Amino acid sequence: MAEIIEPFRIKVVEPIRMTTRVQREEMLREAGYNMFKLRSDDVLIDLLTDSGTSAMSAEQWGALMRGDEGYAGSRSFFRFRDVVHELTGFEHVIPTHQGRAAERILFETVCSPGDVVPNNTHFDTTRANVEATGATAIDLPAPHGLVPGEPHPFKGDMDVAALEATIDEHGVDRIPLVMVTVTNNTGGGQPVSMANLREVSAVCRRAGIPLYLDACRFAENAWFIKTREEGWGDTPVKEIARAMFALADGCTMSAKKDGLANIGGFLASQDAELTRQEENLLILTEGFPTYGGLAGRDLEAIAVGLEEVLDEDYLAYRVASVRYLGEHLAKQGVPIMRPPGGHAIYLDAAAFLDHIPRSRLPGQALTAELYLAGGIRGCEIGTVMFGHTDPETGEEVPSRMELVRLAIPRRVYTESQIKYVIDVILEVWEQRRSLAGYRIAEQAPVLRHFTARFEPLAATSSAPS
Ligand SMILES: *Cc1c(COP(=O)(O)O)cnc(C)c1O
């Protein structure tokens with residue numbers, strides 16, 4: 001088969017400012033070694049996130065001009081609602097300014113202190129919004145998802161036995177809903193199989209607990225089902241997506257991912273009474289229910305994006321370009337999560353920098369060096385994001401895995417730019433023994449990774465100089 005190429009041509013370009021290592025050393029120091037504090041102009045290849053960073057299509061830019069900015073009853077809302085309804089089957093659709101607003105409104109409405117919310121793996125804002133209500137967020141990833149080097153086709157699955165045990169332990173009354181994140185972001189951008197979704201759905205329906213999808217990457221997940229799961233190869237990806245939503249009772253969505261938009265989200269369900277309560281909260285902080293904190297033109301861009309994202313040529317290219325990065329690294333022995341996920345490659349920083357103890361933040365060390373060596377901005381998904389400092393001992397309590405995520409913005413970078421990323425990572429890999437750890441100098445009580453300041457530690461005596 002011919003090589004998979006970018007299924008688009010470029011109409012508008014945005015220059016990248018070239019920088020030297022010396023300049024980057026200065027800029028990173030000023031940013032407290034925190035990638036979130038860098039200016040994006042000081043980054044060459046920005047792989048911090050795939051969120052809100054998509055390139056919009058000519059159709060989407062055209063749709064912006066059609067935006068109806070009427071405060072109430074906007075035509076753009078109905079267009080948006082119809083697309084979401086047709087895709088998900090959900091009756092009630094509430095636009096929000098992004099995914100976490102949908103999460104806040106949902107959890108504030110359904111959760112009480114002492115409740116428990118199971119998820120295959122909570123995204124960071126999802127966990128924070130569950131916990132802000134006094135409920136507990138529980139991650140129940142399937143065991144086959146937890147071994148970074150193990151190539152399983154559906155490492156995003158939920159552990160169904162653990163879900164049943166959780167329901168037995170806490171009781172149906174303490175579990176307002178179960179959530180499945182597709183694809184499973186923090187567990188490695190890994191897909192959830194239709195078989196697993198069906199099992200989870202059956203457990204929830206038996207128990208009478210609503211099942212919600214955190215649907216941010218529903219199209220990439222559907223593509224993996226089509227290409228990896230027995231029996232789905234001939235089904236159009238849109239049908240697969242609809243079959244996924246049909247197993248759930250509602251969803252939260254960040255349109256900044258598979259909405260191919262730069263802002264936006266929604267909350268949708270079949271529950272009219274719940275929606276009424278949610279709309280009251282929406283009005284309090286987001287806006288009237290026919291715009292929910294978005295401009296009418298944003299609703300138009302999302303409506304177009306939700307259809308474009310199901311284009312199979314686009315999805316084939318999308319997944320191939322992420323795999324291209326992963327396979328070239330793996331071939332050279334660089335430890336990554338395998339197989340490659342839908343939107344990102346995860347470097348296994350604990351294995352990459354196995355001479356740096358977890359308490360010295362190897363994920364942070366690798367993230368910093370990728371920037372210094374090549375101006376590449378990745379994101380630590382390890383102890384900085386999910387660990388915490390023990391208040392008694394001052395020691396870092398590490399997270400389960402120590403990953404560095406290189407998230408690929410949709411339709412943004414070319415193959416030669418990805419080749420550059422590969423070259424830089426291989427260079428860092430060659431020199432990995434010279435890297436040392438970091439310590440946290442300053443941190444906030446929640447979501448500390450966004451604002452923490454770090455300090456580089458001196459290399460330990462065992463490292464060659
Ligand atoms: C991005 C994301 C969210 C939150 O969405 P925002 O638009 O960033 O607020 C929730 N869940 C997952 C899986 C995500 O990737």
Side-chain angles (χ1 to χ4, degrees), residues 36 47-54 84 94-108 117-132 137 139-141 145 155-158 177-192 197 211-222 224 241 244-245 248 250-268 282 285-286 292-294 298-299 301-302 305-306 309 318 322 341-346 378-379 381 385-386 403 405-410 446-447 449-450:
F36 289 97
L47 308 182
L48 183 69
T49 174
D50 64 321
S51 178
T53 52
S54 300
V84 174
I94 299 175
T96 60
H97 79 276
Q98 59 184 89
R100 71 197 64 183
E103 291 169 350
R104 189 190 67 84
I105 289 166
L106 173 65
F107 293 123
E108 209 170 302
V117 176
N119 196 319
N120 46 350
T121 308
H122 286 85
F123 183 69
D124 56 0
T125 61
T126 320
R127 167 175 295 276
N129 274 300
V130 168
E131 292 183 342
D139 289 344
L140 302 175
K155 294 179 80 166
D157 286 350
M158 180 178 256
L177 59 84
V178 171
M179 202 166 217
V180 174
T181 307
V182 292
T183 56
N184 187 344
N185 187 341
T186 30
Q190 301 292 332
V192 177
L197 266 182
L211 172 63
Y212 273 66
L213 295 185
D214 177 339
C216 297
R217 299 182 182 80
F218 72 95
E220 289 165 11
N221 201 94
F224 282 119
M244 289 163 53
F245 285 111
C251 73
T252 56
M253 172 75 188
S254 170
K256 300 173 72 172
K257 322 293 172 44
D258 273 353
L260 293 178
N262 301 123
I263 196 71
F266 58 84
L267 171 58
L282 184 84
T285 58
E286 293 279 301
L294 294 168
D298 297 325
L299 295 168
I302 297 166
L306 287 173
V309 79
R318 168 78 180 151
V322 175
H343 69 282
I345 291 300
Y346 287 72
C379 184
I381 301 207
M385 190 180 274
F386 289 119
L403 305 171
R405 185 183 72 183
L406 306 173
I408 314 295
R410 295 171 180 78
V446 288
L447 299 179
H449 53 285
F450 287 133

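Only heavy atoms go into these numbers, but all of them, side chains included; no hydrogens, no water, no symmetry mates. Being a predicted model, the structure only gives us computed values, none of them experimental. Each ligand, and each atom within it, is numbered from 1 in the order the structure gives.
Between L213 and M179, the closest side-chain pair of non-hydrogen atoms is not below 4.5 Å.
Annotation: salt bridge (charged side-chain N to carboxylate O under 4.0 Å, His left out) contacts of D214 (sequence neighbours excluded): none. A search for side chain to side chain donor-acceptor pair (under 3.5 Å) contacts involving S254 returns nothing, not counting sequence neighbours. Applying the side chain to side chain contact (heavy atoms under 4.5 Å, CB included) criterion to A102, with sequence neighbours excluded, gives T96, T252, L267.
Ion pairing of R410 with D50 is present here, as a side-chain N (NZ or NE/NH1/NH2) and a carboxylate O approach within less than 4.0 Å.
Here the NE2 atom belonging to H449 is positioned 4.0 Å from the CG atom belonging to D124, to the nearest 0.5 angstrom.
Residues lining ligand 1 at a heavy-atom distance below 4.0 Å are given as Q98, G99, R100, E103, F123, T125, T126, T181, N185, D214, C216, R217, S254, K256, K257, ordered by chain and residue number.
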